[in-house]
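Working notes, structure below.
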Amino acid sequence: MKRDFLTLQDISSDEFHAIVKRAAEFKSGKDRNACPLMGKSIGLLFDKTSTRTRISFQTGIYQLGAQPIYINSKELQLGRGETVEDTAKVISRYLHGIVIRTFAHNTIEKLAANSSIPIVNGLTDLHHPCQALADMLTIWEQKGTLKDVRLVYVGDGNNVANSLIEAALHTGVDLAIACPRGYDPDRNIFEYVKENGGKVQLYTDPEDAVKNADVIYTDVWISMGQEREAERRRQIFKKYQVNKELLSLAKPDVIVMHCLPAHREEEITSEVLDSPQSVVIDQAENRLHTQKAMLELLIQ
Ligand code: CP
Ligand code: NVA
């Protein structure tokens with residue numbers, strides 16, 4: 001049976017931990033020459049721009065012995081009206097897996113329902129599960145544990161926040177989300193995780209939320225596809241900037257995370273992003289290792 005990775009709910013908590021552990025092994029250089037996906041082809045179907053996701057998947061797939069095929073979806077017949085369903089059925093006959101980055105989450109659900117090969121979510125408007133895998137490896141490296149680490153996400157309750165909420169359920173991370181009213185994370189995801197014992201709390205005041213923070217995390221205020229709302233969003237999110245003053249309210253050894261790309265001087269100051277407390281470049285590197293571990297688990 002093929003396995004998809006559309007959200008973090010598609011894997012068990014044991015599998016989540018196994019991916020983080022295996023990623024650390026890959027990172028240490030163990031199994032440098034292992035090629036578990038030898039001879040396979042994996043498509044990368046992108047509707048949105050990307051630096052980290054695209055390059056880390058291309059490199060990781062190659063390192064696992066498979067061939068990555070980058071596809072700008074505008075160049076497919078999809079762009080001229082061929083349906084997602086027909087496209088999915090046909091490319092399933094050529095490929096062994098597809099990583100897709102798109103807008104509506106429903107598009108990847110449709111792709112998954114009509115494909116006989118694993119579909120991996122490389123970001124939708126609703127979820128960014130590959131990011132959360134790398135984030136948890138990064139926190140584990142920095143703090144030595146995930147359980148009860150106080151992770152405070154400050155800013156927009158977007159795809160990155162939604163996947164962090166699901167990661168909290170798998171890991172026992174103590175997650176606080178501070179966002180303006182009306183910009184909360186997805187209610188269904190939040191309620192599901194809370195009902196199932198995840199430690200997640202919502203705040204509107206970032207200063208309240210960051211008290212005792214081990215990790216402060218932020219993301220852009222204007223996600224891909226929201227460009228038309230840019231000016232309004234800049235006003236609404238103003239007091240949610242991660243800066244020196246906000247950091248001073250957290251634990252002295254707080255670390256700072258950002259999935260990148262960052263809009264410097266908007267959601268985060270350069271002073272903080274470039275400070276020794278910032279682990280954003282390690283975090284970006286960890287995309288490579290965690291995605292390799294996830295693909296090894298999923299692709300047969
Ligand atoms: N963090 C992340 O997904 O970056 P890209 O948009 O560059 O892929
Ligand atoms: N929330 C951002 C994440 C980019 C990696 C976006 O969707 O644009």
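Just follow the structure's listing: the first ligand is 1, and inside any ligand the first atom is 1. We count residues from 1, following the sequence as given.
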>> Evaluate Cys259 for polar contact with ligand 1, using N/O atom pairs at a separation under 3.5 Å.
In response: yes
> If you measure every N/O of Thr49 against every N/O of ligand 1, is any gap under 3.5 Å?
Replying inline: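 No; the residue has no nitrogen or oxygen that sits under 3.5 Å from a nitrogen or oxygen of the ligand.
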>> Would Arg22 and Phe26 count as a cation-pi pair here, with the cationic atom under 6.0 angstrom from the ring centre and within 45° of the axis?
In response: yes
> Does Lys48 have a heavy atom less than 4.0 Å from any atom of ligand 1?
Replying inline: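 The answer is no: ligand 1 sits nowhere under 4.0 Å from a heavy atom of Lys48.
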> Is ligand 1 under 4.0 Å from a heavy atom in the side chain of Leu260, in the backbone, in both, or in neither?
Replying inline: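 It is the backbone that gets close, since no side chain atom is under 4.0 Å.
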> Taking the non-hydrogen atoms of Asp156, is any one of them nearer than 4.0 angstrom to ligand 2?
Replying inline: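 Checking ligand 2 against Asp156, which is what was asked, there is no heavy-atom contact under 4.0 Å.
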> Phe237 vs Tyr183 aromatic rings, parallel, tilted or perpendicular, using cut-offs 30° and 60°?
Replying inline: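 Judged by the thresholds at 30° and 60°, the geometry between Phe237 and Tyr183 is perpendicular.
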Nearest protein heavy-atom contact for [atom]: which residue, which atom, what distance?
| atom | value |
| --- | --- |
| atom 6 (O) of ligand 1 | Arg101 NH1, 2.8 Å |
| atom 3 (C) of ligand 2 | Asp219 OD2, 3.6 Å |
| atom 7 (O) of ligand 1 | Thr51 N, 2.7 Å |
| atom 2 (C) of ligand 1 | Arg287 NH1, 3.3 Å |

> Ignoring hydrogens and geometry, is there a side-chain-to-backbone donor-acceptor pair from Ser92 to Ser115 under 3.5 Å?
Replying inline: no
>> Has Gln235 got a side-chain atom pairing as donor or acceptor with Arg233's backbone, closer than 3.5 angstrom?
In response: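 Side chain of Gln235 to backbone of Arg233, a donor-acceptor pair under 3.5 Å: no, none is there.
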> For ligand 2, is there an N or O atom under 3.5 Å from any N or O atom of Met224?
Replying inline: yes
